[in-house]
Every structure is written in C-alpha cells, then in structure tokens.
Engineer: 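Okay, handing you the structure first.
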Amino acid sequence: MLVPYLELQPIHQKIQKELDGAYHMVMNRQWFIGGRADEQFEKRFAAYCGASSCVGTGNGLDAIRLILLAYGIGPGDEVIVPANTFIATVLAVSYVGATPVFVDGSLDTFTIDPERIEEKITERTKAIIAVHLYGRCAAMELICKLAKRYSLKVIEDAAQAHGAQLNGKRTGVLGDAAAFSFYPGKNLGALGDAGAVVTNDEELARMVRAYGNYGSYEKYVHVYQGCNSRLDELQAAFLSVKLNYLDEWNEERRRIAREYTKKIQNPKIICPQIPENEEEHVFHIYPVLVEERTDFVETLKRQGIMSNVHYPIAIMEQGAYANCREQVVDYPVTERICRQEVSLPLYPGMTEEQIEWVIACVNNF
Ligand SMILES: *Cc1c(COP(=O)(O)O)cnc(C)c1O
C-alpha cells in the first residue's frame, strides 16, 4: 500500500468549492495586496490565537526576522536558539546581524532544554527564540521566567505549531511575539508562501508592519530601511477558509499520533510522548528515534511508506554556519536526533488502512 509522507489533496479536495470562492472573491475585487482579505484574516487569526494583533508577512522566516528588527536586535547582540530546529530560525538571527547561540534540546520533548539556557546567557543576550518543534510547545513557563530575570525578549517560532496549547493558551501569546509560517505543508498552510507575526504588543505590531512595507507607516515616507514582506490577498483569502478547519485537522493529527504511540510496540523504535492535559501537541511531525535509520527508512520505502528526517544535519555542522563550529562541543541530544530521527507519515485525510499499514510495518521492522 502506498503511504506518501504528506498529501494535501485530501483536505484541499474537501474544501475545493470554498477555495474557488475565495479566488473569485479576490478576482472580483481586483485588489491584491493589503486589502480586505488581509485585514479579515489578520483579525481572525489574532482572535484564534487570543492575541490583539496579527501582521501578515511574506513567509515564516521573514516573520522572525521582522520581529528581531522591530526589537532593534542586530550586530553585537546574541540570540539564544535551539540547536535542533529548521535552519530558518537561525537564519533570521543571522540576517539581522546578530549572533545565534545554540542550546541543546531535551530528549523527552525535542524542544530547547530550559535547564541549559542560563549557562549561555551573557550581557549581550537580547532574546530567546523558543521553537515549538514538531508541534509541541517549548517549556514556556521556565523560559519566560528566565527571560524575565535577565530582561530578555521571548520570541516564539510557531511555524510548526498553529493552535498548539499550553495551560489554556494558544501559541502566539506564550511569549512576547510569535512568528508563524503558512508554508503549504504546515498545519495551517497557504497555497504558496505566507507568514505572520502575532503579538499582544500593539506597538511592536505596528513596527513589524512598517518594516515589512519598505519601512513605511505612511505612503512614500520611509522611517526604516525596511523590506518588502507582506501577505497577498489571495493567500489571505485561502487562509481564512482553511482557518475554519484548523482545529478539526489538528484533532485528526492528534488522533493519528495517539494511535501510533499506542500501537507501535517495537523495542527498536522510540515513539514521542503524548503530553498531559494542560498541553496540546498538534503533531506537525511525528518523530521516532531508531538506531538503524538507513535500514528502517529503506524497509518502509520498500513497503510503500515514505518517511522524512527532521533534521539530518545540525545547523552548527552546516557549511553556512562554519563560523559557529566552536559551538559544536556539547550537543548530545541534537546529535542523536540528527542521527536517529525519522518522521512517519501523518496528515489529515490519511485513511485507516494507511495508518494501520504504517503501524504494522513499523512493528515488523
Ligand atoms: C517552516 C519553518 C520556518 C520558516 O517558514 P517559511 O514560511 O518556510 O519561511 C521557520 N521555523 C520553523 C521551525 C519552520 O518549520
């Protein structure tokens, strides 16, 4: 049986008419950037997150970068980042000229190890980027406490965790400002590139909007050397349609994840933990750890099951970060994730047969 790693077709097919409607609405208005669709989506996504402000951006990387710019973080400043994350988190720091300082992850949660942050704080540290990796909230209580003690900003990289919750609050309001990506494969995905900044800090939101609009609050008056990073009307209209289904799709992801964790019984495979009640994981990714990874991936592939690795090369080991090599000394958890992680197929619209087939093949390995 064929099980692709990810398929968008099942969810898009279901809402095809609504997506077509969104397209026609924008075409009828003939207004493509910074219009009513943007405004509506921003308002609705802010409300969904429980925040006062949302500012659409061109993509998730820009959302992080614009937050850093608006906070005035730049050359000479240090920003703490998890060692295990998608490279965009770190590229945003580099883009503004600040220095990323890597902290290892926790093997229980895969997110940044809050116990290892303090030792990396210096007088240059300005912010911590907490990544809700794979759809699981980072240890925000400890991170925020630490940030408060040292007067640091807490920036959420929520690109993989739309709708995830901690103590009754959604991502977007768990720190000072949050960056979302709506890359098509994310839990809430556009039909192209898109992103957003979500925050309760209205002044910051205004600055982010200005930075992403050529540094301008007022047409042809430029107060910052900003850039062009805005949310298209078309993408905003599609996102407004898809936002209505986000909770349903996240629930489906959680159901599949629970099924995997319950039924995968193979001593060679370590499944992710499903967090307790006060925390809602949205399983953007279902990560397992396996020692004989190459063999495992190949075996699954022969049985029609596609998997993925998030992420095979640590950022400090990437050519792009050769200048950070000296930081490579003590990242045992990140190293292990890089060596052993395999992401199993998980997406809304997966059939029962596909789910059972994955479980059977993983158990037979
Ligand atoms: C996808 C992703 C991003 C970047 O989002 P883009 O929209 O692709 O720029 C940033 N951080 C994490 C953790 C991601 O998974």
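We count ligands from 1, going down the list as the structure has it; atoms in each ligand are counted the same way.
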Engineer: May I have a table of the N/O to N/O pairs between ligand 1 and the protein that fall below 3.5 Å, each row giving the two atom names and the distance to 0.1 Å?
Structural biologist:
residue	atom	partner	partner atom	Å
ligand 1	5 (O)	Ser181	OG	3.2
ligand 1	7 (O)	Gly60	N	2.8
ligand 1	7 (O)	Ser181	OG	2.6
ligand 1	9 (O)	Gly60	N	3.2
ligand 1	9 (O)	Leu61	N	2.9
ligand 1	11 (N)	Asp157	OD1	3.2
ligand 1	11 (N)	Asp157	OD2	2.7
ligand 1	15 (O)	Gln160	NE2	2.8
ligand 1	15 (O)	Lys186	NZ	2.7

Engineer: Suppose we screen for salt bridge (charged side-chain N to carboxylate O under 4.0 Å, His left out). Which residues come up paired with Lys186, at least two apart in sequence or across chains?
Structural biologist: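 Once residues adjacent in sequence are excluded, Lys186 has no partner under the salt bridge (charged side-chain N to carboxylate O under 4.0 Å, His left out) criterion.
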Engineer: Applying side chain to side chain contact (heavy atoms under 4.5 Å, CB included) between Ile80 and each of Ile112, Val93, Ile143, report the one that passes.
Structural biologist: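 Testing each of Ile112, Val93, Ile143 against Ile80, the sole residue satisfying side chain to side chain contact (heavy atoms under 4.5 Å, CB included) is Ile112.
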Engineer: Just wondering, are more than 12 heavy atoms of other shown residues or ligands nearer than 6.0 Å to NZ in Lys120?
Structural biologist: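 Counting other residues, nucleotides and ligands, NZ of Lys120 exceeds 12 neighbours.
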Engineer: Excluding sequence neighbours, so at least two apart, what forms ring pair (Phe, Tyr, Trp, His ring centres under 6.0 Å) with Phe102?
Structural biologist: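 Not a single residue meets the ring pair (Phe, Tyr, Trp, His ring centres under 6.0 Å) criterion with Phe102.
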Engineer: Checking Tyr311 now: which residues fulfil ring pair (Phe, Tyr, Trp, His ring centres under 6.0 Å) with it, not counting sequence neighbours?
Structural biologist: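 Residues passing ring pair (Phe, Tyr, Trp, His ring centres under 6.0 Å) with Tyr311: Phe86.
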Engineer: Given Ile67, which of Asp176, Ile155, Ile73, Val55 fulfils the side chain to side chain contact (heavy atoms under 4.5 Å, CB included) condition?
Structural biologist: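 Checked Asp176, Ile155, Ile73, Val55 against Ile67; only one passes side chain to side chain contact (heavy atoms under 4.5 Å, CB included): Ile155.
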